[in-house]
Structure formats: structure tokens, C-alpha cells
Amino acid sequence: MATWTPVAQVGDISPDTGTLRVALDGEAVCLYDLQGEICATQDRCPHGNASLADGYLEDGTIECPLHQGVFDIRSGKPQCPPVTTDLRRYAVRVEAGTIYLSPE
Ligand code: FES
């Protein structure tokens, strides 16, 4: 059975970046607001030591701030070099403005 952990309020996600870095079980997780659809992936880029919450969000993708690798946020799939590894994704539930996460 899934374990749901509250990590933030929807309003905590920056309207400027569309992202928010939170922690779940000691792991950094990046939340994304895709025009009202909340998604979550691991925050650390698998290519290097960069936080995807500091990246550039566009059309359901996140561009890493360090070497501009791009990931599809919903699937976690890498879209262009130098990134080649999928992002870990988290299941998201929103209730009364609170965002809950569960490891997928
Ligand atoms: Fe993200 Fe290199 S650290 S693309």
C-alpha cells in the first residue's frame, strides 16, 4: 500500500520557476507545477551535481542548469545529451492544497 507524505502546499511552488525543492525520506525531490498539474522527480541531475529545481521549465520539460540536459518531467526520460539516465519519479496526490508524495 502506498505511503503518502505531505511535503508542501501547492502555493509554495514558485510562480517564477514553476519548481520547488523538497525532501522525502532524506532524498531531495523537485516538484513541478505544469500549469496546475503537479509532478515530482528526483531533484539531483543524474549527470552531475545540479539541482533541477534551479533549472528551466518549459512545455513539460526541465533543462538542467549545469550542462543543459533536458528531461521529460512526466516520464522522467532524458531528451538530449549529455543526460542518458531516467529521473526517478514520485506519485503525487493533492488534497485541499497540500501536496503528498509516494515513491513510485
Ligand atoms: Fe545536469 Fe550535467 S549536471 S546535465
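Only heavy atoms go into these numbers, but all of them, side chains included; no hydrogens, no water, no symmetry mates. When a ligand or atom number is given, it counts from 1 through the structure's own listing order.
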Please find the pair of heavy atoms, one from His67 and one from Pro82, that lie closest to each other, and give the distance. O-CD, 3.6 Å
Could you enumerate the protein N, O or S atoms under 2.8 Å from atom 1 (Fe) of ligand 1, written like residue then atom name? Cys45 SG, Cys64 SG
With the 4.5 Å side-chain cut-off for hydrophobic clustering, are Val29 and Leu20 part of the same group? yes
Rest of the hydrophobic cluster containing Trp4 (Ile/Leu/Val/Met/Phe/Trp/Tyr, side-chain heavy atoms under 4.5 Å)? Tyr100
Identify all side-chain donor-acceptor contacts of residues 37-44 below 3.5 Å with residues at least two apart in sequence or on another chain.
from, atom 1, to, atom 2, distance (Å)
Glu37, OE1, Arg74, NE, 3.0
Glu37, OE1, Arg74, NH2, 2.9
Glu37, OE2, Arg74, NE, 3.2
Thr41, OG1, Tyr32, OH, 2.7
Gln42, OE1, Arg88, N, 2.9
Gln42, NE2, Arg44, O, 2.8
Asp43, OD1, Ser51, OG, 3.1
Asp43, OD1, Leu52, N, 3.4
Asp43, OD1, Ala53, N, 3.0
Asp43, OD2, Ser51, OG, 2.7

Run the side chain to side chain contact (heavy atoms under 4.5 Å, CB included) test on Val7 and Leu31 for me, step by step, so that the C-alpha distance in whole Å, both residues' side-chain angles and the decisive distance to 0.1 Å come before the verdict. CA-CA 10 Å; Val7 292; Leu31 301 179; 4.2 Å; yes
Quick one: side chains of residues 54-64, donor-acceptor pairs under 3.5 Å with protein atoms, not counting sequence neighbours, listed by atom name and distance.
from, atom 1, to, atom 2, distance (Å)
Thr61, OG1, Glu58, O, 2.6

